[in-house]
Amino acid sequence: MGGTFDPIHHGHLVAASEVASVFDLDEVVFVPTGQPWQKADKDVTAAEHRYLMTVVATASNPSFTVSRVDIERPGPTFTIDTLRDLKVQRPDAQLFFITGADAMSQILTWKNAEELWSLAHFIGVTRPGHELNGGGRDVSLLEVPAMAISSTDCRRRVGEDKPVWYLVPDGVVQYIAKHRLYRRVGDLEAGMA
Ligand code: ATP
Ligand code: MG
């Protein structure tokens, strides 16, 4: 499951759990992106923080693991590289790539899309209120019975001093507080955060 995970939240975890159940998966590998090319113009939290929050969030589930392939590869993250690297590490595995239906519609437009289909079966998950569209491709689409949680909303809430308890796992709430992530820039400059 690829994502920015800035931060990882219960929407991601419910989606992973649901897909694992429906497709009878042995393992879900969470792959935090390096520098996401789709979000290159926005500020994204340091990869190491996003990776560690993902580890904290998934630690208690024996079939959830976290991969560093995307954060250790220099340059922007492309899903084709993610899949090639995972395939090298797990040559006998049948790979499924889980992503949000929003990211899926971007992937569908890529010019090397054909190789992507040969490496993995694509599963697009969507949160309530987002349209399901497979672009006519052979992808699976699944509406996840999750809450309408987004990382953007979690970051905004932290910046506004609102709680994110129960939107993200407890350990992630504590990690965010410990490292003072998502504080407003003005607060940081004023030494208030
Ligand atoms: P942001 O708000 O920063 O875009 P996000 O909440 O969409 O973050 P990503 O890290 O971009 O989180 O998520 C990875 C994938 O998981 C995305 O493709 C996204 O569509 C999907 N996803 C995110 N939140 C949910 C949710 N609540 N239910 C189902 N899928 C989700
Ligand atoms: Mg998103």
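Whatever order the structure lists ligands and atoms in, that order sets their numbers, starting from 1. Since this is a predicted model, take the numbers as computed values, not measurements. Nothing fancy with the numbering, it's 1 onward along the sequence.
Distances between N or O atoms of S151 and those of ligand 1 include at least one value under 3.5 Å.
The shell of residues lying under 4.0 angstrom from ligand 1, judged by heavy atoms, excludes D6.
Comparing heavy-atom distances from atom 15 (C) of ligand 1 across A148, G100, P32, G11 singles out G100 as nearest. For atom 16 (O) of ligand 1, the candidate residues are R155, R156, H12; the nearest heavy-atom contact is made by H12. Across the listed options H9, R50, H10, H9 owns the non-hydrogen atom lying nearest to atom 24 (N) of ligand 1. Compare T152, I98, I149 by their heavy atoms: the one nearest to atom 1 (P) of ligand 1 is in T152.
Note that CD of Q174 and CE of M53 are 13.5 Å apart. Values are rounded to the nearest 0.5 Å. We find the CE-OG1 distance between M1 and T82 to be 13.5 Å, quoted to the nearest 0.5 Å. The CZ atom of F30 sits 6.0 Å away from the OG1 atom of T58 when rounded to the nearest 0.5 Å. The CG atom of L25 sits 10.5 Å away from atom CG of L95, with the distance rounded to the nearest 0.5 Å.
Less than 4.0 angstrom separates some heavy atom of G3 from each of these atoms of ligand 1: 10 (O), 14 (C). The contact set between ligand 1 and S150, taken as ligand atoms under 4.0 Å from a residue heavy atom, comprises 2 (O), 6 (O). The atoms of ligand 1 that sit less than 4.0 Å from any heavy atom of V125 are 30 (N). The atoms of ligand 1 that sit less than 4.0 Å from any heavy atom of F5 are 10 (O).
Taking each heavy atom of Y166 and H10 in turn, the nearest pair found is O-ND1, 3.2 Å.
The aromatic rings of F5 and H12 sit perpendicular to each other, their planes meeting at more than 60°, with 30° as the lower class boundary. Using bins of under 30°, 30° to 60° and over 60° for the plane-to-plane angle, the ring pair W117/F122 lands in the perpendicular bin.
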